[in-house]
Every structure is written in C-alpha cells, then in structure tokens.
Amino acid sequence: MVKIVLGREKKILGRPISLDPSGIATHKHVIGVTGQGKSKLLASVYVQLLHQGVAASLIDPHSDLAADVLALLNDSGYLKGPNKDKVLY
C-alpha cells in the first residue's frame, strides 16, 4: 500500500503524519510564506511516490524544485540501475 509521510508530530512519540492512497489521489494546495519548506515538502512527496512505484510528473517552470528532486533521487541511489531510464529531465 502506498503511503506518503509528510512529517512527524513534535510530541515525544514523533508519530508520522501521512497520506493514505485516498488522500494521495486528491488535489492538494501547499501554501505558505517564502522559506517555510513548501518546495522541500513537494520534493519529498514526489521522491516517495517514485520509490513506491507510483508514476508521477513534475512541472517546474523555474527548475529549482526539479533540481532538488534530482539531487534527492541521486542521493538515494534511484538514478543508478534500472530506474535511471525512467526519469526524463
């Protein structure tokens, strides 16, 4: 089952806050002031989807988010081996 972790609670237990498949399949808005981590959240969600075998596309007119995603994919080893041909940039 696909599950996307968005973050963790700040309480002692630090339980993950996540989206289940029905939550992933609906539209989302990510809003906030500059420097609050919106792009980092989107990059994390995108990479988690790819690692779980979910096809996803990313449209980034300024290419900053795309560069962050490529760095995460490279650091995680996703671009090595059979997955390297699945990513178009």
Side-chain angles (χ1 to χ4, degrees):
M1 176 171 82
V2 175
K3 192 175 227 180
I4 300 299
V5 176
L6 301 175
R8 296 198 169 275
E9 290 181 349
K10 287 189 174 185
K11 295 181 182 179
I12 296 171
L13 297 177
R15 292 181 296 192
I17 299 168
S18 59
L19 290 174
D20 60 14
S22 65
I24 295 167
T26 60
H27 290 90
K28 310 287 176 289
H29 291 124
V30 179
I31 51 179
V33 297
T34 302
Q36 295 300 303
K38 297 176 299 293
S39 293
K40 299 295 182 195
L41 172 68
L42 293 173
S44 173
V45 167
Y46 186 83
V47 168
Q48 288 182 68
L49 288 170
L50 290 182
H51 277 290
Q52 294 184 52
V54 178
S57 61
L58 174 70
I59 299 171
D60 179 18
H62 302 290
S63 76
D64 297 337
L65 179 57
D68 289 345
V69 166
L70 285 173
L72 286 171
L73 291 173
N74 187 53
D75 292 348
S76 69
Y78 187 86
L79 297 177
K80 296 178 178 99
N83 292 319
K84 67 182 177 184
D85 295 330
K86 295 180 181 179
V87 177
L88 300 175
Y89 182 76

Can you give me the closest heavy-atom contact between [X] and [Y], atom names plus distance?
X   : Y   : value
G14 : R8  : O-NH1, 3.0 Å
V5  : S18 : CA-CB, 4.0 Å
A66 : L58 : CA-CD2, 3.8 Å
Q52 : K3  : NE2-O, 2.7 Å
S44 : L72 : N-CD1, 4.4 Å
L70 : L79 : O-CD1, 4.0 Å

Seminar exercise, completed: One should read off an interatomic distance between I59 CD1 and L65 CG, to the nearest 0.5 angstrom, of 11.5 Å
Problem set entry | From OH (Y46) to CG (L73), nearest 0.5 Å | 7.5 Å
Exercise. Is the backbone N or O of H51 less than 3.5 Å from a side-chain atom of Y78, with the two atoms forming a donor-acceptor pair by type?
Worked result: no
Problem set entry | Heavy-atom donor-acceptor pair, K38 side chain to Q36 backbone, under 3.5 Å | no
For this session: May I ask you to check whether over 12 heavy atoms, not counting those of K28, lie within 6.0 Å of atom NZ?
Result: yes
For this session: State which residue, out of D20, L19, I24, fulfils the side-chain contact (heavy atoms from CB on, under 4.5 Å) condition with S22.
Result: D20
